[in-house]
Amino acid sequence: MTLALHNTLTRRLEPFQPLAPPRVTLYTCGPTVWNYAHIGNFRTFLFEDLLRRYLEFSGYDVFHIMNLTDVDDRTIKAAAAAGKRLEEHTAPFVEAFFADCDYLRIRKAHVYPRATQSVPAMVRLVQRLLDAGVAYRGEDGSVYFAIAKFPSYGRLSQLDRREIKIGARVASDEYAKDDPRDFALWKRADPIDERVGAAWDAPFGRGRPGWHLECSAMSLDQIGKCCRVETLDIHAGGVDLIFPHHEDEIAQSEAATGQPFARYWLHGEFLKVGGTKMSKRFGNFLTARDLREQSVDAAAVRLLFSQTHYRRALDFSDEALAAAGQGVKRLGEFRDRLVRAGGPATPDGRLAALAARFESDFRAALDDDLNAPRACAALFELVHDGNGALDAGAAGGAVARDALDRAMAVLDVLPTPRAVEPGFAGWVDERIAARDKARGAKDFREADRIRAELKAKGVEIEDTPSGTKWRMV
Ligand code: AMP
Ligand code: ZN
C-alpha cells in the first residue's frame, strides 16, 4: 500500500503523489508570537510533526517550512499594550516556542521565515497582483484583493457566496473596498503601527502586510529559492485556517503565479476542553510550559494526541493525559525487557513474528491518512503479545526492539530519559573503565561489585561487541 492523504480541496482520500519525488515541499502555518502557544496550537504542530516524520519514514526528502507570524493585528496590539517595540515584545515568545518544540520533541523545520524579515517578498507579491489587475488601492490607502477577479474563490472552503460575505464582514471596513468580500493585502500604516515599529515603505504606500499575504509570500519565496517551483506539495494547518486564511492564500498565490498553490491541503481538528475549543480567548488553555512545570513527560502528550486521529476533535482532560502517561511507562518497561532478553543473534521465532506483524500493521495504519490511533493499537498489541512471549521464556529480543525503535522514529513516545546531574556521566564512565580493568585482570568479584554499585544509582549496563553501554532505568 502507499500513502493516502485526505485532501481538503477535494474532501477525499487521495494517493499521495508529490510533484518531483522523492522531494516533498511542506508548508505549515506557524505560531503567532504575540504570547505563549497553548497545547491546542501544539496539537496542530504535533499532527504536522507526525506528517513530517511519516513522510521521512516513507523515504521522502522533505523540505519543511514553518513561518513565524511576528507582525499582525494581535502582535501589534499586544506590543502596544506592553509599551514595547514589536521585536522586543515577540522575541521571548519566539524563544519560548522553540523551547516548547524541543520539549515536545517536534522535529525542526528546515527554515523558519519570519514575517518581519520577509517584507521585500511581500511587497513584490502585492506589486505583482496590482500589475495583474487583481488588486487595487482602496479609498483608505490600503491595498485589497479583488475577489470578483478570481472566479474559483471559495473552492477550498466550499462556502457559497452568501456565507463568504458574512465571513468577510466581521473584520472589514467596508466603505473602503469595492466589494465587501475583498480582503486587505497591505494595510495602510496606522499611528499604532508606527509606534511599535510595524510599518514599511512600499511603492503603493507605507504600511504593513496582511496576515494572509505573509504566508503566500513566505512560502512562494522559500520554494522558489529551494526548488524553483511555485507549487507546494503539502500545505497544512488547523481547521480554523481553512477560511478565510487558506482560501485567501490560494487566491493571492494563484492569481500571481497562474499555478496551483498547493497540491494537498491537510487540516487538523481542534483540541477541546469540555467540548469547547481550547483558546486564549476562552481562557480554557494550558501551555506546554505548564505541563513541563508539572513534570509531565512530553511522551505522554505525544501519545495522547497520537491516540486520536488528526481529523477528529480531541477533548483534553488530566485523566486522559495520566492514562497516556501509564501507556508510555508500559512501553518503556517493555523495551527494557526486550533489551534484557537481547542476547545472541538467534532470534526467537515468536518475537520475530510479532515484530514483523507489528511493522506491517503500523505502516498500513499510517498509510491510511496517518491513522495514528490504529498504529498505537498495533504498538500496544506488540507490547501485550511480546510480554506474553517473554513470560513464556522467549529470547532474542533484539529483533522486536529494533522494530519498536523504528516505529519510534515516527511516534517518538518512549519515556524521556531522566536528566543526569552534571559530572554524573563522567563518574559512570570512570566506573565502567574500572570494571573493564577488573574484568581484564579476571577479578570478577570486583567487576560484579561495580555493576551493583552502578545499579544502586539507577544505571544499567550492557556489554556489547562495541563496548559497554549504559542508561538510566
Ligand atoms: P496561531 O498561533 O493562533 O496562529 O495558531 C497556530 C495554529 O494553531 C494554527 O494552525 C491554528 O489552526 C491552531 N490552533 C489554534 N487553536 C487550536 C486548538 N484548540 N486545537 C488545535 N489547533 C489549534
Ligand atoms: Zn498561514
Side-chain angles (χ1 to χ4, degrees), residues 29-38 40-41 44 66-94 96-97 113-119 121-123 125-126 135 137-145 147 164 166-177 180-202 204-219 237-238 240-249 251-252 277 279-283 285:
C29 292
T32 306
V33 286
W34 67 287
N35 206 324
Y36 297 113
H38 55 66
N41 302 129
T44 292
M66 177 180 267
N67 74 295
L68 300 177
T69 304
D70 61 357
V71 52
D72 79 323
D73 295 350
R74 280 186 293 174
T75 42
I76 291 170
K77 220 170 126 189
K84 290 181 177 162
R85 305 274 296 173
L86 195 61
E87 161 73 32
E88 195 192 343
H89 178 74
T90 57
F93 298 119
V94 171
F97 173 71
R114 295 174 64 147
T116 51
Q117 289 166 14
S118 315
V119 174
M122 296 169 195
V123 171
L125 183 57
V126 175
R137 246 186 117 178
E139 284 167 27
D140 61 351
S142 293
V143 180
Y144 293 95
F145 185 90
I147 285 181
I164 289 167
I166 292 165
R169 203 167 54 209
V170 177
S172 69
D173 343 61
E174 281 177 38
Y175 63 91
K177 308 182 199 172
R181 296 175 304 154
D182 294 350
F183 59 91
L185 298 167
W186 186 259
K187 303 186 178 188
R188 193 198 56 183
D190 278 342
I192 174 176
D193 301 336
E194 297 287 0
R195 198 159 2 112
V196 302
W200 290 266
D201 287 321
F204 33 82
R206 190 167 167 77
R208 63 177 173 97
W211 171 42
H212 316 310
L213 180 86
E214 295 180 2
C215 280
S216 286
M218 287 187 276
S219 54
D240 54 343
L241 300 190
I242 297 174
F243 183 84
H245 187 53
H246 289 161
E247 196 71 64
D248 291 353
E249 281 190 42
Q252 299 159 154
K277 176 189 176 190
S279 162
K280 279 264 151 67
R281 205 153 25 108
F282 303 138
F285 65 93

Worksheet item: So, for Gly238 and Thr44, which heavy atoms are closest and what is the spacing to 0.1 Å?
Response: N-CG2, 3.6 Å

Discussion item. Please enumerate all residues that pass salt bridge (charged side-chain N to carboxylate O under 4.0 Å, His left out) together with Glu194, with sequence neighbours excluded.
Written reply: Arg206

Item to complete: Compare every heavy atom of His38 with every heavy atom of Ser279, then report the nearest pair and how far apart it is.
Response: CA-NE2, 3.8 Å

Item to complete: State, to 0.1 Å, how close Leu86 and Ala198 come at their nearest heavy-atom pair, and which atoms those are.
Response: CD2-CB, 3.9 Å

Worksheet item: Between Lys177 and Pro180, what is the shortest heavy-atom contact and its length?
Response: NZ-O, 3.6 Å

Discussion item. Applying side chain to side chain contact (heavy atoms under 4.5 Å, CB included), can you list everything that pairs with Pro31, at least two apart in sequence or on another chain?
Written reply: Val33, Phe45, Met66, Leu68, Phe97

Worksheet item: How many angstroms lie between CZ in Phe145 and CZ in Arg181, if you round to the nearest 0.5 Å?
Response: 10.5 Å

Fill in: Residues which pass side-chain hydrogen bond (donor to acceptor under 3.5 Å, both in side chains) with Glu214, listed by chain and number, not counting sequence neighbours
none

Item to complete: Working to the nearest 0.5 Å, report the span between CH2 of Trp200 and CG of Asp193.
Response: 8.5 Å

Discussion item. If you define the side chain from C-beta out and look only at heavy atoms, does anything of Trp186 sit under 4.5 Å from Ser142?
Written reply: no

Worksheet item: Could you state the interatomic distance from SG (Cys215) to CD (Glu249), rounded to the nearest 0.5 Å?
Response: 4.5 Å

Worksheet item: Hey, what do you get for OG (Ser118) to CG (Leu213), rounding to the nearest 0.5 Å?
Response: 10.5 Å

Fill in: Lys280 NZ to Trp34 CH2 distance, which is reported to the nearest 0.5 Å
5.5 Å

Discussion item. List the residues meeting salt bridge (charged side-chain N to carboxylate O under 4.0 Å, His left out) with Arg137, not counting sequence neighbours, and say none if there are none.
Written reply: none

Item to complete: Can you sort out the partners of Trp211 under ring pair (Phe, Tyr, Trp, His ring centres under 6.0 Å), two or more places apart, ordered by chain and number?
Response: His245

Practice prompt. Scan residues 71-94 for pairs that pass ring-ring contact (aromatic ring centres under 6.0 Å, His included), counting only residues two or more places apart or in two chains.
Written response: Tyr36-Phe93, His89-Phe93

Discussion item. Main chain of Leu185, side chain of Gln252: is a donor-acceptor contact present, judged purely on distance under 3.5 Å?
Written reply: no

Discussion item. Test: side chain to side chain donor-acceptor pair (under 3.5 Å). Region: residues 69-84. Which pairs qualify, not counting sequence neighbours?
Written reply: Thr32-Arg74, Asn67-Thr69, Asp70-Arg114, Asp70-Thr116, Asp72-Thr75, Asp73-Lys187, Asp73-Arg208

